[in-house]
Amino acid sequence: MEKTNFTLKGIRADEMSFRLNAVRAQNGTKMELKPTFSRKVRRAVENEKICFVTLTVKIEKTEDQPKPFDLWVSYTGVFESDASTEAEKRAVVIAGTSLLYPYLRAAVTTLTTAALSSPLVLPVINGPLFPEDREPASGEMFS
């Protein structure tokens, strides 16, 4: 993977929500929370050096998979780099994702704790969060 220098210019919480569902585990069975992660990457129109990486984690109930709560946390990091090739830009996105994930993880724990629920602690991820980041470059990441 390419390496390139980048600078974190800022982090913001875009959305944080927690909604308790009227669902209880039956007969001591455990409910699987199965958080889903997504990422959106954008470049600033006015400055090609600026890149926005938005990470989102969701836990939502469905008819066939009840959850004790619905949760949505979305954080955006603003990064600046001199990346010029697609490989360098991809490296900034992967490194930026790794840098943002601990903040997202802490926000989930804080949000569930503040809601007087059992604290949810997402796992520590050592390496790329998304499977496509573990693969060699295969296309455009930016929208």
Side-chain angles (χ1 to χ4, degrees), residues 1-25 29-143:
M1 179 170 61
E2 290 283 323
K3 296 235 182 219
T4 187
N5 291 329
F6 68 97
T7 305
L8 173 64
K9 299 306 243 179
I11 297 175
R12 67 175 186 245
D14 299 312
E15 183 171 350
M16 296 175 73
S17 67
F18 178 94
R19 183 178 55 225
L20 192 61
N21 296 324
V23 173
R24 294 220 159 213
T29 60
K30 290 190 175 187
M31 286 187 242
E32 288 190 51
L33 296 179
K34 292 186 181 178
T36 57
F37 297 91
S38 62
R39 170 178 60 197
K40 183 176 181 181
V41 180
R42 297 175 288 118
R43 289 243 169 236
V45 175
E46 67 279 356
N47 185 348
E48 270 293 309
K49 292 182 175 188
I50 302 295
C51 171
F52 301 91
V53 178
T54 301
L55 288 183
T56 301
V57 60
K58 292 189 279 186
I59 297 172
E60 295 177 303
K61 71 175 179 171
T62 61
E63 286 294 322
D64 58 332
Q65 293 187 337
K67 307 283 192 256
F69 56 82
D70 290 340
L71 177 132
W72 180 297
V73 177
S74 183
Y75 267 51
T76 297
V78 182
F79 301 93
E80 183 176 9
S81 76
D82 289 326
S84 56
T85 68
E86 286 304 312
E88 289 174 334
K89 290 176 182 178
R90 182 174 186 268
V92 169
V93 169
I94 292 169
T97 300
S98 293
L99 198 143
L100 276 178
Y101 178 73
Y103 291 94
L104 186 76
R105 186 173 176 265
V108 167
T109 302
T110 300
L111 185 60
T112 54
T113 302
L116 302 176
S117 175
S118 295
L120 174 60
V121 181
L122 296 175
V124 172
I125 305 288
N126 188 12
L129 178 63
F130 295 98
E132 63 267 22
D133 293 347
R134 297 179 201 121
E135 305 293 324
S138 61
E140 188 70 31
M141 279 188 126
F142 301 96
S143 58

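This is a predicted model, so every value here is computed, not measured. All residue numbers in this chain count up from 1 along the given sequence.
T62 has its side chain out of reach of E60: every pair of non-hydrogen atoms, C-beta onward, lies at least 4.5 Å apart. Using a 4.5 Å heavy-atom threshold, the side chains of V53 and L99 count as separate. Using a 4.5 Å heavy-atom threshold, the side chains of I94 and R90 count as touching. Proximity of F37 to L122: side-chain heavy atoms (C-beta onward) are separated by under 4.5 Å at one or more points. Using a 4.5 Å heavy-atom cutoff, the side chains of L33 and F69 are in contact. Side-chain contact between F6 and C51 is absent, with no heavy atoms from C-beta onward closer than 4.5 Å. Between R105 and V124 there is a side-chain heavy-atom pair separated by less than 4.5 Å. K9 is not listed as a side-chain neighbour of K49, based on a closest heavy-atom distance of 4.5 Å or more.
When all heavy atoms of K89 and S84 are compared, the closest pair comes out as CE-O, 3.8 Å. Of all heavy-atom pairs between S17 and L111, the closest is O-CD2, 3.5 Å. When all heavy atoms are compared, the tightest approach of P119 to T112 is CA-OG1, 3.5 Å. Nearest heavy atom pair, residue Y101 against residue P123, reads OH-O, 2.6 Å. In terms of heavy atoms, F52 sits closest to A44 at CE1-CB, 3.8 Å. Between G127 and S98 the shortest heavy-atom distance is O-OG, 4.2 Å.
Atom CZ of F79 sits about 6.5 Å away from atom CD1 of I11, to the nearest 0.5 Å. For the atom pair Y75 OH and L104 CG, the distance stands at 7.5 Å (nearest 0.5 Å). Note: I59 CD1 to F18 CZ = 9.0 Å, rounded to the nearest 0.5 Å. Taking CZ of R43 as the reference point, atom CD1 of I50 lies at 9.0 Å (rounded to 0.5 Å). In this structure, CG on L55 lies 8.0 Å from OG on S74, to the nearest 0.5 angstrom. In this structure, CD on E63 lies 11.5 Å from CD on Q65, to the nearest 0.5 angstrom.
Residue-environment remark: CG (D64) exceeds the threshold of 12 foreign heavy atoms within 6.0 Å.
Side-chain N or O atoms of R19 include none that pairs as donor or acceptor with a backbone N or O of D70 at under 3.5 Å. Formation of a donor-acceptor pair under 3.5 Å by the D82 side chain with backbone atoms of N5 is not found in this model. A donor-acceptor pair under 3.5 Å is formed between the side chain of K67 and the backbone N or O of E32.
Of the listed residues (T56, D133, T54), just one forms a side-chain hydrogen bond (donor to acceptor under 3.5 Å, both in side chains) with R39, and that residue is D133.
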